[in-house]
Amino acid sequence: MRRILLTSALPYANGDIHLGYLLEAVQTDIWARFQKSRGHECHYVCADDAHGTPVMLRAEAEGVSAEDLIARMRGEHLRDLSAFGIAFDHYGSTHSPENRELSAEMFRKLRAAGRIAEREIEQLFDPERGMFLPDRYVRGECPRCGAAGQFGDSCEKCGGVYAAAELKNPVSVFSGAAPVRRSSRHYFLRLAADGDFLREWVFENIADPGGGEKTIPRLQKEAANKLREWLSGELRDWDISRDAPYFGFRVPDCEEEKYLYVWLDAPVGYMASFMQLCARGGMSFEDFWGENSAAELYHFIGKDILYFHALFWPAMLKNSGRRLPTRVFAHGFLTVNGEKMSKSRGTFITARRYAESGLPADALRYYYAAKLGDGIDDIDLNLGDFVLKYNGDLVGKFVNIASRVSRFLLEDFGGELDGEAQSGEGFSAVVAPILALSDSLARDYESRRYHSAMRSVMRAADSINGYLDEKAPWVMRKDKTKRAQLHQTCSAALRGFHLLTAYLLPVTPQLADDAAKFLQCGPPQWAGLSPLPAGHRVGEYRHLLRRMQNENARALIQAEESCA
RNA sequence: GGCGGCGUAGCUCAGACGGUAGAGCAGCGGAAUCAUAAUCCGCGGGUCGGGGGUUCAAGUCCCUCCGCCGCUACCA
């Protein structure tokens, strides 16, 4: 049995869960459910990312304490994610005692290892607000093209990149005051010292924990390419402290009021969340995070935060006596109808909006699965396509199988399956080929080629539908002498349906649950999966899914526009 | 500006190691009527963004151009 710990990136406490984040949560959740269904020990943890300037400012604007704000946001995030069947084993917060402790320990160990540098740096400072200004909070004219109202890091007009201090006529976004330069002592993670280690670690191949004979790359090809950019030169030190006012953890053993940068304690939040789970579940924290841990550790992330997880984080772990991630899985962004999600276009769809629209969570999960591969490409949610895929695949093909034969089984055989669970014509024509799919399907799931897995499952559903057309049980039914054949055909089709339900369970847990109720079996686990036995009795069939209407999907966008 | 990614049938996308272009949906033509206008069989449809190169052979490797997108470390 494998021991696996996996994480999704931490949702930030200053924003709502949207369909883009759900892409990641669903991708991770499918993998977690798959591993569990295969009988492995698997823990899926996540947490709210609670610290940083934006949270502090928003709390101020709302007139509430930061603690109250993040508690509320965490509740909303958890509610939204739960509505999509994201089954965390634990969902913590980076603003927790455990994380405070682990972050401080991390910092101290890094310092003891000689990896912390201190330097005076000069930054823009808002004299009215009395705070240093992150680049994002300074606007001014682009030093290259002169475009007005540009942010302090890059120009939207000409694409130029510069330092905030280079902006002409800069103003603070908060007060409108002209920022002044002021220097302050900052702490840095000395990344350059780990250049050789990172170049090795990032590009290295590892033994396949999934049992494959060949070694596999630690990172996806595209991800490795991206990292080559940083790794090809000298690595710069990473600024990991912020001056007050800031919402976060104090820098340990520092007399001035300085805070750990949110991105320092955010990944440590993975550890803290798991630590809380351990307290509940009896696992040993060190088994998973100790330097010589034999457990597997995976981070699912968006491609935008790759360097945090593949550069800073490994460096932090290595120099603090911790284990390193087994692999890091990056995915692309979500676009809606071919375009970047946009509030003004109404395509910035929140999880809540979707849930309230009444569209089934499994529909989105299935659609994502049908499009997700192991790459880093963006995924497009095309609403028309979305409706067609759900109706065509899940309703028309998959659920249709149960719908086609259940009445015959119920009316003619009292819901009982025939005696040939492991032999006979129906078995060899329908059941055996689906059993034989197991290994290649498992490989697809394991390597996150969900789209390939979904194609295989649907091809199998096609074959059952084809089998039913060929056998025409509705014709057999009129001939009393063909009663045994009728029984066999319907039983085989339903056994096939049951097996496919198990294959689909990681993707569509609600559907699998409902199907299991109809089949009167437990949630079909992949480990030890076998055809429903002779004489097994199924329940009365009620529609497991409803067809989706185009209007429902379109309303996702319209509804957003009306309140934009 | 630098670096990276993408560009394959009307649509959404597959295509490890280079070897005569694939799926689903849509369209067209049949069949069937058990099933949620669900199902099955068959058909048409692509200069694989343009151009050049390597090779007996390139969507697949190299160069170049065009288009779209992303990243560029103190936004998270």
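In what follows, chains are A, B, ... by sequence order, proteins preceding strands, each numbered from 1.
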Determine the interatomic distance between C1' on B:G67 and the same-named atom on B:G15; round to the nearest Å. 23 Å
So what does A:Lys397 touch, heavy atoms closer than 4.0 Å: a base, only the sugar-phosphate, or nothing? sugar-phosphate
Taking the inter-plane angle between the rings of A:His309 and A:Trp263 on a 0 to 90° scale, is it parallel (under 30°), tilted (30 to 60°) or perpendicular (over 60°)? perpendicular
side-chain hydrogen bond (donor to acceptor under 3.5 Å, both in side chains) between A:Ser103 and A:Asp265: does it pass, once the steps are laid out? CA-CA 6 Å; A:Ser103 296; A:Asp265 70 64; 5.2 Å; no
Set of residues satisfying side-chain contact (heavy atoms from CB on, under 4.5 Å) with respect to A:Arg477, sequence neighbours excluded: A:Arg407, A:Phe408, A:Glu411, A:Asp412, A:Leu486
With rounding to whole Å, what would you report as the distance between B:A21 and B:C25 at their P atoms? 23 Å
Kindly assign one of parallel, tilted or perpendicular to the pair A:His299 and A:Tyr270, based on the angle between their ring planes and the thresholds 30° and 60°. parallel
B:U60 pairs with, by Watson-Crick or G-U criteria that keep both distances under 3.5 Å: none
Rounding to the closest angstrom, what is the interatomic distance between B:G4 and B:A73 at atom C1'? 16 Å
Using only atom types and a distance under 3.5 Å, with no angle test, would you say the side chain of A:Tyr187 pairs donor to acceptor with the backbone of A:Leu260? no
What nucleic acid atoms does A:Ile401 come within less than 4.0 Å of, heavy atoms only: base, sugar-phosphate, or nothing? nothing
Between A:Arg448 (CZ) and B:A14 (C1'), how many Å, whole number? 17 Å
Should B:G2 form a Watson-Crick or G-U wobble pair with both distances under 3.5 Å, which nucleotide is its partner? B:C71
Which nucleotide wins on minimum distance to the side chain of A:Trp474, given the candidates B:A32, B:G70, B:G24? B:A32
Using a heavy-atom cut-off of 4.0 Å across all strands, would you classify A:Leu409 as base, sugar-phosphate, or nothing? nothing
Sugar-phosphate, base or nothing in reach of A:Asn391, heavy atoms under 4.0 Å: nothing
Please state whether the base of B:A23 and the side chain of A:Arg455 form at least one donor-acceptor pair under 3.5 Å? no
Are OP1 or OP2 of B:A38 and a side-chain N or O of A:Arg547 less than 4.0 angstrom apart? yes
Identity of whatever pairs with B:G7 - Watson-Crick or G-U, under 3.5 angstrom: B:C66
C1'-based separation of B:C62 from B:A26 [nearest Å]: 38 Å
Complementary nucleotide for B:G18 - Watson-Crick or wobble, under 3.5 Å: none
Just to confirm, is there a sub-4.0 Å distance from OP1 or OP2 of B:A35 to any side-chain nitrogen or oxygen of A:Arg407? yes
Counterpart base for B:C40, defined by Watson-Crick or G-U wobble contacts under 3.5 Å: B:G30
Report yes or no: is the cationic atom of A:Lys303 (NZ for Lys, CZ for Arg) closer than 6.0 Å to the six-membered ring centre of A:Phe333, at no more than 45° off its axis? yes
For A:Tyr367, run the side-chain hydrogen bond (donor to acceptor under 3.5 Å, both in side chains) check against A:Asp362, A:Asn382, A:Asp385 and tell me which one passes. A:Asp385
How is A:Val475 classified with respect to the nucleic acid when contacts are heavy atoms under 4.0 Å: base, sugar-phosphate, or nothing? nothing
Under 3.5 Å for both donor-acceptor distances, Watson-Crick or wobble: does B:U54 have a partner, and if so which one? none
Using the P atom as the point on both nucleotides, what is the distance between B:A23 and B:G46, in whole Å? 14 Å
Closest approach of A:Ala453 to A:Asp444 (non-hydrogen atoms, all atoms of both residues): N-OD2, 3.6 Å
Could you go over nucleotides 4-10 of chain B and give all protein N or O partners under 3.5 Å, atom names and distances?
residue: B:G5; atom: OP1; partner: A:Asn225; partner atom: ND2; Å: 3.0

Pairs under 3.5 Å (N/O, protein and nucleotides 74-76 of chain B):
residue: B:C74; atom: O4'; partner: A:Arg242; partner atom: NH2; Å: 3.1
residue: B:C74; atom: O2; partner: A:Gln123; partner atom: NE2; Å: 3.1
residue: B:C75; atom: O2'; partner: A:Arg136; partner atom: NH1; Å: 2.8
residue: B:A76; atom: OP2; partner: A:Tyr261; partner atom: OH; Å: 2.8
residue: B:A76; atom: O3'; partner: A:Asp49; partner atom: OD2; Å: 2.7
residue: B:A76; atom: N7; partner: A:Trp263; partner atom: NE1; Å: 3.3
residue: B:A76; atom: N6; partner: A:Tyr307; partner atom: OH; Å: 2.9

When we call it a touch if two heavy atoms are under 4.0 Å apart, what does A:Tyr541 touch: a base, just sugar-phosphate, or nothing? base
So what's B:A23 paired with, Watson-Crick or G-U wobble, going by both distances under 3.5 Å? B:U12
Are A:His543 and A:Tyr541, when compared by the centres of their aromatic rings, separated by less than 6.0 Å? yes
